[in-house]
Each structure stands twice: as structure tokens, then as C-alpha cells.
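All chains are named by letter (A, B, ...) in the order of the sequence lines, taking the proteins before the strands, and each is independently numbered beginning at 1.
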2 protein chains.
Amino acid sequence: MENQHRKPLNRSEGHGGRTANAYALADQIGFLLRQANQRHVAIFTSRMNEKLTTTQWAALVKLRDLQPCSQVNLGRETAMDVATIKGVVDRLAKRNLVRTAPDPADARRLVLTLTDEGEAAVDRNLSVAHDISEETLAALSPAERAMLGELLRKIS
Amino acid sequence: MENQHRKPLNRSEGHGGRTANAYALADQIGFLLRQANQRHVAIFTSRMNEKLTTTQWAALVKLRDLQPCSQVNLGRETAMDVATIKGVVDRLAKRNLVRTAPDPADARRLVLTLTDEGEAAVDRNLSVAHDISEETLAALSPAERAMLGELLRKIS
DNA sequence: CTGAAATCATTTGTATACAAATAAAGAAAC
DNA sequence: GTTTCTTTATTTGTATACAAATGATTTCAG
């Protein structure tokens, strides 16, 4: 039934010299970013073990490098909003991958560290994570991968 | 307090010849895509009128080109899961920007069209949407923009 | 003509994503 | 020492995002 009975009408043709054809969804950077991200997440979900999500993994890996670390700082380092990192940390703590404790020096703060299970989960999955990035970028040459990284950093 | 008392330990050093330093979150394609997407969404949200979200806008613009169109098809064309497009269409219908009706030829289907208000909202915001993409890509030269688009398509 | 497979839509559940409001605690200014 | 500002964390609400299950309807194979 799709479009079978009705010819598409470019309603804004003639308006201000810019036709509707000038704006194609498939060419918009937002659309391209969303699609690329979705495919990456799908690859991640299908290959990562222990039902870890992309953001849970990011939090674990970053915490391993920064620990001990405050929750707000971990959120900053992993590009997550304060409400988002709260939820991610809660779920990781619930799975006993992360330990939380009050900061003796500053009662406002929550101090995060990886548990032994958390450290082990990171160790076990580093090569998997590497393979995930590899699969996401499989269609690109090494030079193209470097270029993509540079261009994405430029627009972030 | 961050890392003040504890030197970072690269626990996996010596394991299989690949150090933890080989996996830096900030270099991962997933992280870069997520950050670029977040910045784009923030720009979109701050500039788009009528509290339209990126996915609502995508649905409106695509529907304008495809209408009349089934819900499942609109979801496919806008890279949205069947549960997701259902929610997006519900919110647009609730705002009277989209009309839904059963398909006389196929009782399984929901046929979508834009209302007059929906058409008007698209017309009013095409140049805004164009400016949003422009701002997202402002740091890139025309050649870099084309390259980014091509690379993102290759990994989608 | 009948049964199986496929399609479309809805629902439920879980996980982000983030704005905004709120509260507690620490830092800074006076 | 007090007041104001900033920081950290939690909570609430709204919007995706998608897997999985379910039901109705259409299509296809035999």
C-alpha cells in the first residue's frame, strides 16, 4: 500500500527558493549518527558477555583506570548525565561489579571502586570489546578509521 | 579526591601481550559515536521549535515524503524499532500532527498521514533543521563533511 | 480448502538519556 | 561567624530503544 495511490507532493516547492528535496532525512548528520550508533550497539549486545550494555562497559572500564572515583566524575568521564550514571552505577552495584561508599573527606560524595568480580569482568572482556570495535569498523580501511575518529572528535 | 590516593594499576599488563592501555575508552568508536550523537541532540533540542525531538522530526519529515504510509514502514524508513515508532506516532497523533486510520485493504495495517498542522510544522522547521545540521558540522570543511557522511554510511 | 508462515500492531519489561527540582554538604565571600 | 554560591547526589517525569511475547490478519504452500 505504501504510496501506491498517491504521488509524493513536494509541498514546499517554490517557497523561498529552497525545495523540500534539499532536506533529505537520509543525508542528515543526526540520522547517520543514530544509525551508526544503533548498529554498533547491536554488535555490542550480540557479542559482549554477561549481558553488559555499552554504557555499563564504559563505566567499568573507565572506573578501572580512575578508581577510586566519585560518581559525578565517572559520569563526566563517560559522557553520562548525573541521573544516567546514577542508574548505571546502581545496576552495576546490584550485580556486585562496583562497590560504593561515602567519601570520609566529603560527605556529599559517593566513592566508587570495582569489586574483584568487576575487575575480573573487565579482564575477561577486553578482547571481546576490542573485537566489537573491530567489527563495527570492518568496512573501513585503517586510514578511514583514523579519519572517522578524528572527524567525530571534531564534532563532539 | 579523584585518584589522589591510589596509583592506577594496569592489572592486565603481561596478559597475552596486550596491555590495558591498548583499550582506551576515549578512542572507542562506540564512545565517539555516542558523544557526537549527544552533542547533535543537544543542538537539536536547543534550536528546534515546538518541543519536537529528533525522532519526532525524522518521522514527520519522512512521512511527508511517503504518505500515506504504514506504521511499520515509517519505522523502517526512519531506523526505529516497531515499539519505538508506535510511541513516536502516538505522541505525534496526540499533538494532532499525524493522523492514523485503519487500512481498508489490509486490516493489520495502520495508515499514517500528516495533518494540516503536521504539514505546517514541517514547512516551518525545514530551515531550522538545516541550521541544526549546519551547527553540528560547523567545525568541519565541506570535504570533511562529505567524508564523514560517507564513512558513517559505510559502518551503518 | 486448510494449515503454516509471515506481517502488522500492541504490550510489557529493562536500559538509557536528560531536564528540572530538591536536599545535603562544602567552599567562598563578606 | 554568617550568608551565599557551588557541588554532589537523588528523585521525578518524559522520551527513546529494543527484545520478547501476544494477538489479529493476510499470504503462501500443499
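- For the pair B/L74 CG and C/dA9 C1', the interatomic distance rounds to 14 Å; values are reported in whole Å.
- Annotation: proximity of residues 30-38 of chain A to DNA chain D (heavy atom, distance under 4.0 Å) is found for A/R34, A/Q38, numbered in ascending order.
- Side-chain contact between B/E50 and B/R95 is present, with heavy atoms from C-beta onward closer than 4.5 Å.
- In this structure, A/R109 places its CZ atom 17 Å from C1' of D/dT10, rounding to the nearest Å.
- Remark: P of C/dA24 and CG of A/L110 are 17 Å apart, rounded to the nearest angstrom.
- Other residues sharing the hydrophobic cluster of B/V41, ordered by chain and number and joined by side-chain separations under 4.5 Å: none, the residue standing alone.
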With 3.5 Å as the limit, what N/O pairs link the protein to nucleotides 27-29 of chain C?
none

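- Distance, A/M80 CE to D/dT10 P: 15 Å, rounded to whole Å.
- With sequence neighbours left out, the side-chain contact (heavy atoms from CB on, under 4.5 Å) criterion links A/V61 to A/W57, A/V122, B/Y23, B/L25.
- Between A/R99 and A/D116, no side-chain nitrogen of the basic residue sits less than 4.0 Å from a carboxylate oxygen of the acidic one, so the salt-bridge criterion is not met.
- Using a 4.0 Å cutoff on non-hydrogen atoms, the parts of residues 83-101 of chain A near DNA chain C are A/A83, A/T84, A/V88, A/R91, ordered by number.
- Of the residues in residues 40-59 of chain B, B/T53, B/T55, B/Q56 come within less than 4.0 Å of DNA chain D through at least one heavy atom, sorted by number.
- A search for salt bridge (Lys or Arg N to Asp or Glu O under 4.0 Å) contacts involving B/E135 returns B/R47, not counting sequence neighbours.
- Remark: B/E77 pairs with B/K62, B/L66, B/N73 by the side-chain contact (heavy atoms from CB on, under 4.5 Å) rule, at least two apart or across chains.
- Residues passing the salt bridge (Lys or Arg N to Asp or Glu O under 4.0 Å) test with B/D106, sequence neighbours excluded: B/R108.
- Mapping A/V82 and A/P104 onto DNA chain C via the closest heavy atom, the residue that lands nearer the 5' end is A/V82.
- In terms of the side chain to side chain donor-acceptor pair (under 3.5 Å) criterion, residue partners of B/S133 (sequence neighbours excluded) are, by chain and number, A/Q28.
- Within the 4.5 Å cutoff, the side chain of A/L140 has heavy atoms near those of the B/L151 side chain.
- Every residue meeting the salt bridge (Lys or Arg N to Asp or Glu O under 4.0 Å) condition with A/D27, not counting sequence neighbours, appears here in chain and number order: B/R153.
- Protein atom CG of B/D103 is 11 Å distant from nucleotide atom P of D/dT27, rounded to whole Å.
- Within the 4.5 Å cutoff, the side chain of A/R91 has no heavy atoms near those of the A/K86 side chain.
- You'll find that the side chain of A/V72 is closest to D/dA9, out of C/dC8, C/dT10, D/dA9.
- Take A/R145 and apply the salt bridge (Lys or Arg N to Asp or Glu O under 4.0 Å) test, not counting sequence neighbours, and it matches A/E134.
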Derivation and outcome, side chain to side chain donor-acceptor pair (under 3.5 Å), residues A/N37 and B/N37: CA-CA 8 Å; A/N37 198 53; B/N37 198 54; over 6 Å; no

